[in-house]
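To keep things clear, I will list the structure first and then write my remarks on it.
Remember, predicted model here, so these are calculated numbers, not experimental data.
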Amino acid sequence: MDNNELSSSAARDLLNEAGRLGAASRSGASWPHITMLLGLGAISSLSLLAFWLVGQFDESLIWIPMVGMLAWLGIFMAVMLYFGRSTKQGFTVRWGICIGIWAVLWGIGCVVGLNFFAEDLWFFAATAAATTIATVVGAWTEASK
C-alpha cells in the first residue's frame, strides 16, 4: 500500500495499534530489575547484621555470610540478565541513583561499621534499615512507572 493511498482513519488505526504494541512491550519491563533491587536490599542488609554477629564471636568466619551473599547476588544477577529484555523510559537514571545510594550505604555499613562500630549492633541495624529502605523505595518507584 502506498502512503498516498492511506486514509486518515487507517493511519489513525495503525498509530493506535503501534501505541498498543509499544505499551504491551513495556508493561512487563523492569520486573527482573525490580526483583534484583529487592534481592540486593535483602542480602546486603542481612549481611550487615551477619557481619556484626560474626564479629561478636569469631571474625575469621566473615567469609560465611560473604559467600552466601555473593551466591544470592549471582542468582539475582542471572535472573535479571536473562529475563530483563526491556526497561522503562528513564530506567538507567533511576537505576544509577538507586545503586549509587545502595553502594554508599552498604559501604558505610561495612567500612565504617567494621572499623569504628564493630561492637555496636545499633549501627549495623541502622545501616541495614537504611539499605532496606533505599532499595525498597527504588524498587517501588520502578514498579510504579
Would you kindly confirm whether Met66 and Trp102 end up in one hydrophobic cluster when ILVMFWY residues are joined by side chain heavy atoms under 4.5 Å apart?
yes
In terms of heavy-atom contacts, Cys98 and Ala134 come closest through SG-O, 3.9 Å
Next item on the list: Report yes or no: do Trp95 and Leu81 belong to one cluster of Ile/Leu/Val/Met/Phe/Trp/Tyr joined by side chain heavy-atom distances under 4.5 Å?
Entry: yes
Hey, does Leu37 have a side-chain heavy atom less than 4.5 Å from the side chain of Ile99?
yes
| If two hydrophobic side chains count as joined below 4.5 Å and joins carry through other members, does Val93 share a cluster with Val137? | no
- Message: Check for me, please, whether Ile64 and Ile43 land in the same ILVMFWY cluster - side-chain distances under 4.5 Å, paths through other members count.
- Response: yes
Rounded to the nearest 0.5 angstrom, the NE2-CG distance for His33 and Leu40 is 13.0 Å
* Asked: Is there a path of hydrophobic side-chain contacts, each under 4.5 Å between heavy atoms of I, L, V, M, F, W or Y residues, that connects Leu48 with Leu61?
  -> yes
Sorted by chain and residue number, the side chain to side chain contact (heavy atoms under 4.5 Å, CB included) partners of Ala130 (sequence neighbours excluded) come out as Leu105
All heavy atoms of Pro65 vs all of Ala50, minimum pair found to be CB-CB, 3.6 Å
Contacts of Leu53 meeting side chain to side chain contact (heavy atoms under 4.5 Å, CB included) (sequence neighbours excluded), chain-then-number -> Phe57
Connected to Trp140, directly or through other members, by ILVMFWY side-chain contacts below 4.5 Å are none
Taken to the nearest 0.5 Å, the spacing of Leu49 CG from Trp52 CH2 works out to 9.0 Å
In a table with atom names and distances, give each donor-acceptor pair under 3.5 Å that connects a side chain of residues 106-125 to protein atoms at least two apart or in another chain.
residue : atom : partner : partner atom : Å
Trp106  : NE1  : Ser44   : O            : 3.3
Trp106  : NE1  : Ser47   : OG           : 3.2
Asn115  : ND2  : Val111  : O            : 2.8

In short, Thr135 meets Thr132 closest at the heavy-atom pair OG1-O, 3.2 Å
Using residues 68-78 as the side-chain source, report each donor-acceptor pair under 3.5 Å to any protein atom, sequence neighbours left out, with the distance given to one decimal.
none

Residues passing the side-chain hydrogen bond (donor to acceptor under 3.5 Å, both in side chains) test with Thr131, sequence neighbours excluded, are none
